[in-house]
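All values below come from the heavy atoms of this structure, side chains included, with hydrogens, waters and symmetry mates left out.
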Amino acid sequence: MLDADTASAALGIELLDLAEGRAACRMAVTGQMVNGHGLCHGGYVFLLADTAFACACNTYGPVTVAAGAEITFVAPAREGDVLVAEAAERTRYGRSGIYDVTVRRPDGGVVAEFRGRSREMR
């Protein structure tokens, strides 16, 4: 799935780890990702978290998509930061699932907490 994801590839998002119901992805914050306050635009942080979520919920085989997601921004990221998003399954029920993703800066500080709801396609 990630091999065909041109949006994530264009941002240089890399898959670091993948296991059943889990994934970790990395993205370097570039100058093009900075908003008018000099901080990483929240949309890019969301995209990184969403990519890790997509990788984690697609580890079981059936095509799985987001049914919804929300994010809480905890602290800023800046140009030059290399962010890591770690996704973990919380529960799967029927064709649905819930996944939590934590996005961290290089110093380990939390940038955002994301919760995604998945749905298997049939």
Quiz item: Going through the distances and angles, do Ile98 and Tyr93 end up as a side chain to side chain contact (heavy atoms under 4.5 Å, CB included)?
Solution: CA-CA 9 Å; Ile98 298 173; Tyr93 51 100; 4.2 Å; yes
Quiz item: Considering residues at least two apart in sequence or located in another chain, which fulfil the salt bridge (Lys or Arg N to Asp or Glu O under 4.0 Å) criterion with Glu120?
Solution: Arg92, Arg122
Practice problem: Assess whether side chain to side chain contact (heavy atoms under 4.5 Å, CB included) is satisfied between Tyr44 and Leu11, documenting all intermediate values. | Solution: CA-CA 9 Å; Tyr44 291 105; Leu11 295 178; 3.7 Å; yes
Quiz prompt | Donor-acceptor pair, side chain of Thr102 and main chain of Glu113, under 3.5 angstrom | solution = no
Quiz item: For the residue pair Phe53 and Ala66, what are the closest heavy atoms and their distance?
Solution: CE2-CB, 3.6 Å
Quiz item: Is a side-chain N or O of Asp81 found less than 3.5 angstrom from the main chain of Val29, in a donor-acceptor match?
Solution: no
Practice problem: Return the set of residues passing side chain to side chain contact (heavy atoms under 4.5 Å, CB included) with Leu2 (not counting sequence neighbours), or none when no residue passes. | Solution: Asp5, Ser8, Leu15, Thr51, Cys55
Practice problem: Evaluate the side-chain proximity of Val65 to Met121: yes if any heavy-atom separation is below 4.5 Å, no if none is. | Solution: yes
Practice problem: Go through the steps for Glu14 and Arg26 under the test salt bridge (charged side-chain N to carboxylate O under 4.0 Å, His left out), then give the verdict. | Solution: CA-CA 5 Å; Glu14 302 171 81; Arg26 173 174 50 208; 3.3 Å; yes
Exercise. Carefully, step by step, assess Arg22 and Glu86 under the rule salt bridge (charged side-chain N to carboxylate O under 4.0 Å, His left out).
Key: CA-CA 8 Å; Arg22 305 183 75 77; Glu86 295 179 313; over 6 Å; no
Practice problem: Could you state whether Ile71 and Ile13 fall into the same hydrophobic cluster, counting links through intermediate Ile, Leu, Val, Met, Phe, Trp or Tyr residues with side-chain heavy atoms under 4.5 angstrom apart? | Solution: yes
Quiz item: Under 3.5 Å, is there a donor-acceptor pair between the Glu89 and Tyr60 side chains?
Solution: yes
Self-check item: Nearest heavy atoms of Asn35 and Cys40, plus distance in Å
Solution: ND2-O, 4.2 Å
Quiz item: What distance separates Glu70 CD from Arg117 CZ, expressed to the nearest 0.5 Å?
Solution: 6.5 Å
Exercise. Examine distances only and state if a side-chain atom of Thr64 and a backbone atom of Ser118 form a donor-acceptor pair shorter than 3.5 Å.
Key: no
Self-check item: CA sep, side-chain torsions, deciding dist, call: Val110, Val103, side chain to side chain contact (heavy atoms under 4.5 Å, CB included)
Solution: CA-CA 6 Å; Val110 174; Val103 179; over 6 Å; no
Quiz item: Is the closest side-chain heavy-atom distance between Val111 and Phe73 below 4.5 Å?
Solution: no
Quiz prompt | Arg115 versus Asp100, closest heavy-atom pair with distance | solution = NE-OD1, 2.6 Å
Quiz prompt | Heavy-atom pair of closest approach, residues Ala19 and Thr59 | solution = O-CG2, 3.4 Å
Practice problem: Measure from the side-chain N and O atoms of His41 to the backbone N and O of Gly43, and report whether any donor-acceptor pair falls under 3.5 Å. | Solution: yes
Quiz item: So do the side chains of Leu83 and Arg105 get within less than 4.5 Å of each other, counting heavy atoms only?
Solution: yes
Self-check item: Step-by-step side chain to side chain contact (heavy atoms under 4.5 Å, CB included) determination, Cys25 to Leu48
Solution: CA-CA 7 Å; Cys25 294; Leu48 173 63; 4.0 Å; yes
Self-check item: Hydrophobic cluster membership, Val34 vs Leu39, 4.5 Å side-chain cutoff
Solution: no
Quiz item: What are the two closest non-hydrogen atoms of Ala67 and Arg119, and how far apart are they?
Solution: CB-CB, 4.2 Å
Quiz item: Do Asp50 and Val101 come within less than 4.5 Å of each other through their side chains, counting heavy atoms only?
Solution: no
Exercise. Could you pull out the closest heavy-atom pair between Tyr99 and Gly21, with the gap in Å?
Key: CE2-O, 3.9 Å
Quiz prompt | Euclidean distance, Asp3 CG relative to Met1 CE, rounded to 0.5 Å | solution = 9.0 Å
